[in-house]
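Encoded as structure tokens, the structure appears first; notes follow it.
Note on naming: letters A, B, ... go to the chains in the order of the sequence lines (proteins, then strands), and numbering restarts at 1 for each one.
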Protein chains: 2
Amino acid sequence: MGTTQVDSLPEPKYWHLRTVLTEALDSEFTVGEILPNERDLAARFGVARATLRQALEQLELEGRLQRRRGVGTTVAPPRMGVAVGTSRHTWPGTPDDAWDPADCVLETPPASVAGALGVHPGDAVYTVRRSRVTDGQPVAAEQLYILPSSVPGLSDVDAPSGPARARAVLRELQRLELERQESDVELGSARAEHAKALDRLPGAPVLVVTTRYRADGRTTALSVATYRADTCRLTFGDLGGVEIHHQAHPQAS
Amino acid sequence: MGTTQVDSLPEPKYWHLRTVLTEALDSEFTVGEILPNERDLAARFGVARATLRQALEQLELEGRLQRRRGVGTTVAPPRMGVAVGTSRHTWPGTPDDAWDPADCVLETPPASVAGALGVHPGDAVYTVRRSRVTDGQPVAAEQLYILPSSVPGLSDVDAPSGPARARAVLRELQRLELERQESDVELGSARAEHAKALDRLPGAPVLVVTTRYRADGRTTALSVATYRADTCRLTFGDLGGVEIHHQAHPQAS
DNA sequence: CAGTGGTCTAGACCACGCC
DNA sequence: GCGTGGTCTAGACCACTGG
């Protein structure tokens, strides 16, 4: 007796909502279209706003939605394929790469970086900061740590810092025959500094790519690049030609 | 006048909490140690439980914490380095790889997979499901799609499905000279099926690695591997020796 | 200024693991 | 059963964007 409930589903509401919204996005919306606001959507589905937001968070994590405070929620385009592989474009110092040098200073790196470069903790290394922009929006911020002994010819450079010095260091680096060692990828969350550069809020999910470069038989440079996880699909591999391309949505997982 | 507030900080509480807890984890806790429960922690910091949970979610995302329903929150070990590069170990069919074949069926793949393999949507391909276990815990689930025409010698295999057939298909595959083409990595969320295999809840963050393999001048196999993002650090590169190793915590982002 | 998403609260109940 | 984390609610206020 009582209420005839067909429920008994252990599936959370927010997860079911995610599924419903995913199908709606696939069939009834076009890229760039703006969704109804969160309060209206929550009311329409008969859930609390917090529950709806849990579903939206999932979809944003999967790169299906883009939310901007003060503006609204829009349907995101398919993720960009960003080459981070052995393509020559990603080598530090290549003149035609996609990176925009911002600054270069001589400072003491984090302990983990010092360890990887084989210097004492507290020793200063060159630190080049660069950003990568694709299709008009920032996709990555990088810190490139360079062993000072590898780029001795810097005394003739006037600028003590700034983009000019960064370019000078990269030019020096280019003279070396850099050999890519290995990269690893892990999930992280953007801290304040990077969040601003990537036009996201603190805590936004990022893919952190760490790459070691070798020259003269030793690790000479270390790159720590932070990519927006919501908009980027990192591409490793030996293809020479294509650097950036779009693709239809694969299954979410 | 009135209350002398030094605040005026635009930093959210949960973010500040994350920072405080990160430092506490670094200095006052050891791996495996269990934290006080969420209600106590929230009370101790003077915030609502939801706010505390937002901070814990961040830390779990960064691989610093592990939370299990019914058990508690523990300090996670550093992420495992998992080789997904050109190491021979990860090639499909290598006998000494880290993968455990679970099943193999002939079924129609998702549209995106059909496109990559160059078959008509609706055509069936061999689908091998495998799981990867490291240090006693599951780290990845893979679906390996194989062009049927590439492995014709399967008529003498009795088993219509199951691990036995999966191994048979992989043996056949091994006969081909598979050439790794390229891999890409993107953030996803675990759907029910994978969530169970990875011992996580639905929606858990995963790193999806898609790899194309080539033989006889055409794409012959496609691997879609789903790694736990909280416990894994994916390693690409040409190193031959080390396959799995641990490392100290680098900076979160 | 109005409207949006972002943060936060103080509750309640549920699902799970363990004893 | 009991304690844990997971889900959900119905509100409030804040921070930002845009007209």
Classify every nucleotide of nucleotides 4-13 of chain D by which part a protein heavy atom approaches to under 4.0 Å, writing B for the base, S for the sugar-phosphate alone and - for neither, in 5'-to-3' order. BBBBSB--BB
Apply the side chain to side chain donor-acceptor pair (under 3.5 Å) test between A:Arg18 and each candidate in A:Glu62, A:Gln54, A:Gln58; give the one that qualifies.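 The side chain to side chain donor-acceptor pair (under 3.5 Å) with A:Arg18 is passed solely by A:Glu62 among A:Glu62, A:Gln54, A:Gln58.
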Using only atom types and a distance under 3.5 Å, with no angle test, would you say the side chain of B:Arg64 pairs donor to acceptor with the backbone of B:Leu56?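 Answer holds: no.
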Examine distances only and state if a side-chain atom of B:Thr51 and a backbone atom of B:Val47 form a donor-acceptor pair shorter than 3.5 Å.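 No: the side chain of B:Thr51 does not pair with the backbone of B:Val47.
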If we only count heavy atoms from C-beta on, is the B:Val208 to B:Val185 side-chain gap below 4.5 Å?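 Counting from C-beta outward, B:Val208 and B:Val185 never come under 4.5 Å.
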Start with the C-alpha gap between A:Glu142 and A:Arg132, add the side-chain angles, then the distance that decides, and say whether salt bridge (charged side-chain N to carboxylate O under 4.0 Å, His left out) holds. CA-CA 8 Å; A:Glu142 181 202 43; A:Arg132 186 168 177 169; over 6 Å; no
